[in-house]
Amino acid sequence: MLKTTNILIVGVGGQGVILASELLSEAAMTAGMDVKKSEVHGMAQRGGVVSCHVRFGEKVYSPLIPRGEADVALAFEAAEGMRWGNHVKEGGMLVVNTQQIIPTIAFTKEYDYPEDPIGELGGFKCRVVPIDGMGIATELGNAKAVNTILLGAISGDLPISSEIWEKVIRRRVPRGTEELNLKAFNKGAEIVKNATNLTVK
Amino acid sequence: MAKTQKLPEIKEPTRMLMSGNEAIALGAREAGVYFATAYPGTPSTEILETFSRLPGIIAQWAPNEKVAFETGIGAALAGARTMVCMKHVGVNVAMDPLMTFAYTGTIAGFVLVCADDPEMHSSQNEQDNRILARFAKIPMLEPSDSSEAHDFFKLAIEISEQYATPIMLHITTRISHAKGIVELQPWIEPQVSGFEKNPERFVMVPQYAKLRHHEVESRLKELLKYSENSPLNRIESGEGNVGIVTGGVSYQHVREVMPNAPVYKIGMSNPMPIESIRKFADSVEKLIVVEELEPYYEEQIKAAGIKCEGKGNFSLEGELNPERVAEGLARAGVIKAQQKTSVPVQIDVLPRPPVLCSGCPHRTVFNALKKLKADVFGDIGCYTLGALKPLNALHACICMGASIGMASGVQLVKGSNKPVVGVIGDSTFLHSGITGLLGMVYNQAPVTIIILDNRATAMTGGQQHPGTGTTLQGEPAPAVDLVELVKATGIKNVKPIEAWDLDNVLKVIKETTESGEPSVIITQHECMLYPKKVKPHPYQVELDICNGCGACIRIGCPSIMTIDETTEKGLHKVTIDPETCTGCELCVSVCPLEGCIVEMSESLTENV
């Protein structure tokens, strides 16, 4: 039996984490695989952490990825990369958006937002790829494309063809933004492909 | 929620990726359910929301779970297939009709969908409601993923009608909010056969209820035979001589950890298929029970004299996942403890607790209560977040509607020398606050109740309720007048005020708490997210005036941030995020400096 692929997508409420996980799950299903997806979003609208587990393969049982067994983690926010990096297996990949969303709690005396969250990621035993999603999206002319840029960034090693990705993106993104989102997706894929030697520290 | 769009009819078998909640809604439509009702509650909310988008059915929000359940009884006795959905603690509210509806039994299929929340992702407790199905003496099915949630719902309707009993479909957060592939089938047209009088069956006075109790016990014996022989409960043979009994989402975790072990998979867990489990137990050397929270299976298996191990190896707290199942099975000596080649790297990073939104009208009230050092009794909703830092202005929260009773109790025993206040949202007040208020007035408890009226059931996604003036589908509906309702309970001192006006909120709370009479303040301001996300109306900080005192930071607004720039004393100045600031002016009210926080000039807001 084929091994199950485990993808963890995390971020902060309102960033589009759930939509990204939907696109990925649908692409995997369209590719003929069994898919399970689990999310915690009860407090998402209130600035809390959102996490989605996406698993696909020949037959998927649990909707949850065992800790330390994610093949890829995609963090939409820099400090969330720090929180979730240890869910990635050795030799896996952590793609992290360099955007920082500083919670209100960081302005109280007890907590500080990390000085250099991306720099902290070097300790994880996986490949770490930081991406300036917001910067690239702005270059492409729409800040809302961060989502698809990041999704493109993790698409490289997945058993999902570019035709399927295109089909799913066209079907799911708002009308009129199809070309922009496809461009964003390809841009994300390209960056990671060319970033083989990108390590932190 | 705005007017909802209808979903297209399913005319031929279709494969779709769906959450358990969506799968149940579609399963209900396929099963010919005509009437569905609920009160919102995580993780169950999306079942009714999805069902409401299907054509040819009736879907309604009820003021609370008890009313939902009772309305559902009426629909089912009138011969319409019925679904009632609620979260685990909602069943506590509906327990009264549930216990006796089991006696009368139903005419058309009646499914109670109960969504538990092990791990308390968004709940005040993690009670295991499987026990309640057994207590109520109704059958219970436990699906283990979306596909089964869909299929089991349809079977639940069949069982309900075959045995004339209400039935519980028991799910958990990881069924509700996990997605999987579901095979959808064409729909059938719902029917309503009409109510027929039958007092001996439907009027539960002692002489009739005794007969019906006897019927319940006979029905359970028949249901036991069904359970023993149903394919819902099945043996999956495998390798090795340790057998595992499991059900619900735990089955999936077990299969993840031990794909080839012999497993007894429970799909119908009341009545428990004990003899069938006994056969399975005889075929293995050791029997392990894996289930979340309570030892529900384990106790019944042990009571039948079957040797097994269960909670000795697994926690009574929290949800299970593959890791926790593996740890438990290792403790039971079934698998080897996982060899950790190296200690996983763990980086400490600050928590990200949920906060009240920018401009949230509740924030003003909590800042006022904090200033008055009041003892505050809270309730269930977004405003429970008032308990967290930096507000720390809510000091007890138990369940829906409890704020009013708790605050009354404190005052009746003269248990506080501070202002005593109860805070409750509009939806929660209508759910179960009204009776608390009646008690408070009747017994003259000198309490100030603040109804935080933001015109939405905000925490669960902004659902409509009897005070919003619209239905679940966004159609116009009569809206209750909260002021008149409160007056009708006997409260003489009712003050509806604007929630954003801190000075007045402070003044009115002070006056009413000092008045020594039962009073109600209704703070009014629409939610920032529902029915529509409020557009930014940004304010800005004049950095040459800001002295870094931090007064605005302490109101806990997510739009206000400290910056690197410091004052001569080394205090950090602040800035306001123009993309999220709503212009509520609470920060202006607490800022000690004139002209420090001002409305952003139009030329600057153009780009926002």
Side-chain angles (χ1 to χ4, degrees), chain A residues 1 4 12-13 21-22 25-26 28-29 33-49 53-54 59-69 77 79-87 90 101-108 110-114 117 120-121 123-125, chain B residues 15-17 19 42-43 117 121-123 145-146 173-175 177-181 249 251-257 259 321-323 325-326 340-342 344-357 382 385 389-390 458-459 461 529 550 553-554 556-558 560-562 572 574:
Chain A
M1 199 166 97
T4 298
V12 179
S21 72
E22 294 280 309
S25 307
E26 240 185 85
M29 185 178 104
M33 288 180 279
D34 188 21
V35 185
K36 278 198 180 148
K37 193 200 110 162
S38 185
E39 66 201 31
V40 168
H41 59 57
M43 304 271 188
Q45 292 271 26
R46 316 289 180 280
V49 178
H53 297 227
V54 181
K59 170 79 190 157
V60 181
Y61 291 109
S62 174
L64 297 173
I65 302 169
R67 185 186 291 248
E69 286 186 32
E77 198 274 347
E80 293 310 311
M82 292 168 61
R83 191 188 318 278
W84 297 92
N86 65 353
H87 287 246
E90 275 191 60
I101 298 176
I102 303 174
T104 312
I105 202 166
F107 306 113
T108 61
E110 292 112 296
Y111 295 101
D112 282 315
Y113 189 87
E120 300 267 358
L121 304 176
F124 292 125
K125 295 180 170 110
Chain B
R15 272 163 58 88
M16 269 181 87
L17 191 65
S19 71
T42 312
D117 188 19
H121 297 287
S122 191
S123 299
D145 60 12
S146 295
T173 302
R174 299 301 184 176
I175 305 292
H177 290 168
K179 289 198 171 184
I181 297 171
V249 76
Y251 164 79
Q252 304 292 352
H253 303 322
V254 165
R255 273 287 171 237
E256 190 69 40
V257 177
N321 56 34
E323 196 174 75
V325 167
K340 294 256 158 77
T341 44
S342 54
V345 183
Q346 175 95 38
I347 308 178
D348 281 330
V349 59
L350 80 175
R352 207 181 276 278
V355 289
L356 295 174
C357 305
C382 293
L385 298 174
K389 287 173 191 168
M459 192 75 198
L529 295 176
I553 287 290
R554 287 190 291 274
C557 173
I560 306 178
M561 292 159 273
T562 51
H572 284 277
V574 303

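Convention: sequence-line order gives letters A, B, ...; per-chain numbering from 1.
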Below 4.5 Å from any heavy atom of chain A, which atoms of [X] appear? Answer side chain, backbone, both or neither.
| X | result |
| --- | --- |
| B:P43 | neither |
| B:I560 | backbone |
| B:C382 | side chain |
| B:I553 | side chain |

Under a 4.5 Å cutoff for heavy-atom pairs, which residue among [options] has the most contacts with chain A?
| options | answer |
| --- | --- |
| B:T173, B:L350, B:D117, B:I347 | B:L350 |
| B:P353, B:P259, B:P390 | B:P353 |
| B:R15, B:H572, B:Q252 | B:Q252 |
| B:R554, B:M561, B:K389 | B:M561 |

Engaged part of [X] at the chain B interface, taking heavy atoms whose separation is under 4.5 Å:
| X | result |
| --- | --- |
| A:I65 | neither |
| A:T104 | side chain |
| A:D112 | backbone |

Salt bridge check, A:K37 against A:E39: does any charged N sit closer than 4.0 Å to a carboxylate O?
yes
I'd like to know if A:E22 pairs up with B:K179 as an ion pair, taking the criterion as any Lys NZ or Arg NE/NH1/NH2 lying under 4.0 Å from an Asp or Glu carboxylate oxygen.
yes
Below 4.5 Å, heavy atoms only, C-beta onward: do [X] and [Y] meet side chain to side chain?
| X | Y | answer |
| --- | --- | --- |
| A:E26 | A:M29 | no |
| B:V249 | B:D145 | no |
| A:S62 | B:N321 | no |
| A:M82 | A:L121 | yes |

Quick check for you: to the nearest 0.5 Å, what is the distance between A:H87 atom NE2 and A:F124 atom CZ?
9.0 Å
Distance col, row A:Y113:OH vs B:R352:CZ, nearest 0.5 angstrom, shows 6.0 Å
Can you tell which of A:I101, A:L64, A:V35 has the highest number of heavy-atom pairs within less than 4.5 Å of chain B?
A:L64
So which of A:H53, A:K36, A:E110 has the largest heavy-atom pair count under 4.5 angstrom toward chain B?
A:K36
Whether the side chain of A:D34 engages the backbone of A:V60 through a donor-acceptor N/O pair (distance < 3.5 Å, no angle test) should be reported.
yes
